[in-house]
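To keep things clear, I will list the structure first and then write my remarks on it.
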2 protein chains.
Amino acid sequence: MAPDTGDPAPSGRPATSVDVARLAGVSQATVSYVLNDAPGVTISEATRARVRAAAEELGYAPDASARTLRTGRSDIVLMPLLAAPIGTLVLSLLNELVERLREHGLTLALYGDARSRGVVAARDWTRWRPAAVVVEAHRLTAASVRRLHDAGCATVVGLGAEPSPLVPTMVIDDGEIGAAAARHLLGRGRRNLAAVVPAERGLDAFGERRLGGVTAAAQAAGAAVRCVDLPFDEDAAARLAAGWAAGGARPDGVFAYNDEYAMLLMRALQDAGLDVPGDISVVGADDLPLGRFLRPRLSTVRVAGDVTAAGLAERLARMVAERERDPAVTVSLTRVEMVPRESS
Amino acid sequence: MAPDTGDPAPSGRPATSVDVARLAGVSQATVSYVLNDAPGVTISEATRARVRAAAEELGYAPDASARTLRTGRSDIVLMPLLAAPIGTLVLSLLNELVERLREHGLTLALYGDARSRGVVAARDWTRWRPAAVVVEAHRLTAASVRRLHDAGCATVVGLGAEPSPLVPTMVIDDGEIGAAAARHLLGRGRRNLAAVVPAERGLDAFGERRLGGVTAAAQAAGAAVRCVDLPFDEDAAARLAAGWAAGGARPDGVFAYNDEYAMLLMRALQDAGLDVPGDISVVGADDLPLGRFLRPRLSTVRVAGDVTAAGLAERLARMVAERERDPAVTVSLTRVEMVPRESS
DNA sequence: GCGAGTCACTTATACGTATAAATTCTGTAT
DNA sequence: ATACAGAATTTATACGTATAAGTGACTCGC
């Protein structure tokens, strides 16, 4: 490792713009003008060079809180913790998002309360004078949005299953996932569909949405859909499969909430002596790598996560710059793609 | 939704402590004393009540940047983006961590540069005067740690595979995972072990560690271990399995880097006509839910994520409070537990 | 009856920055 | 020579907070 040079004042508090000014032999204001490339101010090239050299020598970095206090606005994009469990989609976004936002001079801060809502929450969020707040739309109210704007927040962006009437929204429409699966199953000649939805709390909201998409697509084609609640549990899956193996109320095509439920179900169906896809087609969602190792290989609906991450950051940065506040603006984060394999 | 009361001044910039003081008929200093429960200052109960009522009425929340500027220290725990891909362990931590830290009055901020190191990076990190910085230990240098401390950072916590000589470290020792698997296999009478390690970049560091653990445990028992590089790819797995099915250089126990590689491998072994665990025992890691749906059910090594998340936050909060800087302090984040099932 | 001591406050200041307003300097046209 | 217009820079101020230092008003012991 290199000896890590670059800090000639090896100890003591970090340098301020006053320190830089003193070293460069100019006033503090000049330092600020130079380092911020202030428009409408003329500073000679010689002075600029001296200031920059001094700043470099002292390892100067402007104090973020002082700057925020002065300007009334920070470079923070505040993202209150999501109430819904962070899934792989959001995770894959997070990594990318942080880096991209930085390229636009913005810092992502996760904030630690998944439950508070309305004005009380907004009060808390405004304490850092964030440039933007990205939050689940259902946690916003008209008053809270006003409060955020009053506090200098350039834009408030909602996240949700549908556009919010209050703010520009990034729509994560799980319905499209179910719809894609249903269209695929219908395209393969299946007419008697079932949607397997988690019985677990917390996932139910997503499950509802995906189910809704299946239902809508099926209805459009005049096919029937039944909904099946399934806990993530082998015994429950075995009971379900046994019923289908014995009785006549058996669907010929199943969309499972995600790949994990699909795998659970497929295993149970096979153990009950049913053939996949001969007797029943199975489609999952999320395209887990493991789906390809099953026999038959699992068909799935992929949500293109990383594609939208860069775009999301870009969009967010632009919204901040343009102070976008029009609730009519919506961005869809769900780019859905059917990946047919052997199970359907 | 409730009509969202609580903001009698429906518009205009957020209230400051001066506004509260004016409404309560006291000085700004009094407001600060009351709301911070300042020790060593006596304020009558009547006044306290008036101040609190005024603060509530105005929806006052102290400006974080002003407070930081004044005190020289924020309540931010800065976590520069991890260079290593965020895994499920870290993810499960993240959710929990944010909430727990908040209970201690700390805010987690993800910061957007996964590559910068040393003093240059430290300069950037200090701009928010964080209370603590949690970062991969290899990105720190002696000078950068000094800089962070000089900037008022109560503690700098390293993350890494082994204790850092510079700072207190949270050790994520992947070696223990491999060791647990190896001990398990040896306990089942396997003497000819193999460790399957990803050929992919990015995971190789972890792979090395897990392999190291296997090797150490095996050597201690006088058993042999061979290392196998495997890309995450069905063809490669099939070739490997075919070789083992045909030749004599076949191990009787395999530890795979994680459950996904284990599933890939097990599938290939079975397709090649080998019996698991009859011919070869297979052990994975991470305890993915899906492992239970395979036939045979997959044995795995579980890393207790959520257990350590609360503890991590607790530890972090204490380190901040006590300004812990002793590099000899280490916290192990890897609580490892063998989950034997049918594949071994 | 009077300094000492507590209580209950207020006044004043500094943190580090951005920027409006004021000032000095340097040619240049009159 | 003298006013004048930029150019180049400095001076001064405000952002909102925490806290040291100061100020009366009371109580109390003697």
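Throughout, a chain's letter reflects where its sequence line sits, starting with A, and its residues are numbered from 1.
- Atom CG of Asn36(B) and atom P of dC9(C) are 17 Å apart (whole Å).
- Whole-Å rounding puts the Arg22(A) CZ to dG16(C) P distance at 11 Å.
- One can place CZ of Arg129(A) at 12 Å from C1' of dT17(D), the figure rounded to the nearest angstrom.
- Under the 3.5 Å distance criterion, the side-chain polar atoms of Thr68(B) are matched with a main-chain donor or acceptor of Ala64(B).
- In this entry the distance linking CZ of Arg13(A) with C1' of dT17(C) reads 14 Å, nearest Å.
- Between the side chain of Thr169(B) and the main chain of Ser164(B), a donor-acceptor pair closer than 3.5 Å is present.
- The one candidate from Arg100(B), Glu103(B), His104(B), Met319(B) that meets the side chain to side chain contact (heavy atoms under 4.5 Å, CB included) condition with Glu314(B) is His104(B).
- Closest contact between the side chain of Ser27(B) and the listed nucleotides dG16(C), dT11(C), dG16(D) involves dT11(C).
- Residue-environment remark: CZ (Arg315(A)) stays at or below the threshold of 12 foreign heavy atoms within 6.0 Å.
- The side chain of Ser44(A) contributes an N or O atom lying less than 4.0 Å from OP1 or OP2 of dT9(D).
- Identified under the salt bridge (charged side-chain N to carboxylate O under 4.0 Å, His left out) test for residues 25-49 of chain A, with sequence neighbours left out: Asp37(A)-Arg48(A).
- Looking at Asn36(B), its side chain never comes within 3.5 Å of a backbone N or O of Ala38(B) through a donor-acceptor pair.
- Distances from the side chain of Thr16(A) to the nucleotides dT17(C), dG16(D), dT10(C) place dT17(C) closest.
- Distance from the side chain of Thr30(A) is smallest to dT9(D) among dT9(D), dG16(C), dC9(C).
- The nearest whole Å value for the distance from the CZ atom in Arg67(B) to the C1' atom in dC15(D) is 16 Å.
- Taking atom CD1 of Ile43(B) as the reference point, atom C1' of dT23(D) lies 14 Å away to the nearest angstrom.
- Contact annotation: Ser17(B) side-chain N/O to dT17(D) OP1/OP2 distance is under 4.0 Å.
- Note on Ser65(A): nothing from the nucleic acid sits closer than 4.0 angstrom, heavy atoms only.
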List every contact pair, protein side and nucleotides 27-29 of chain D side both N or O, where the distance is under 3.5 Å.
none

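- The separation between Trp128(B) atom CH2 and dT17(C) atom P is 13 Å, rounded to whole Å.
- Heavy-atom nearest nucleotides on DNA chain D were determined for Gln28(A) and for Glu45(A), and the one closer to the 5' end corresponds to Glu45(A).
- A salt bridge links Asp19(A) to Arg22(A): at least one charged side-chain nitrogen sits closer than 4.0 Å to a carboxylate oxygen.
- A donor and an acceptor atom never sit less than 3.5 Å apart when one is taken from the side chain of Tyr33(A) and the other from the base of dA7(D).
- One can place CZ of Arg73(A) at 15 Å from C1' of dT17(C), the figure rounded to the nearest angstrom.
- Across dT19(D), dT17(C), dC9(C), the shortest atom-to-atom separation from the side chain of Ala29(B) is found for dT19(D).
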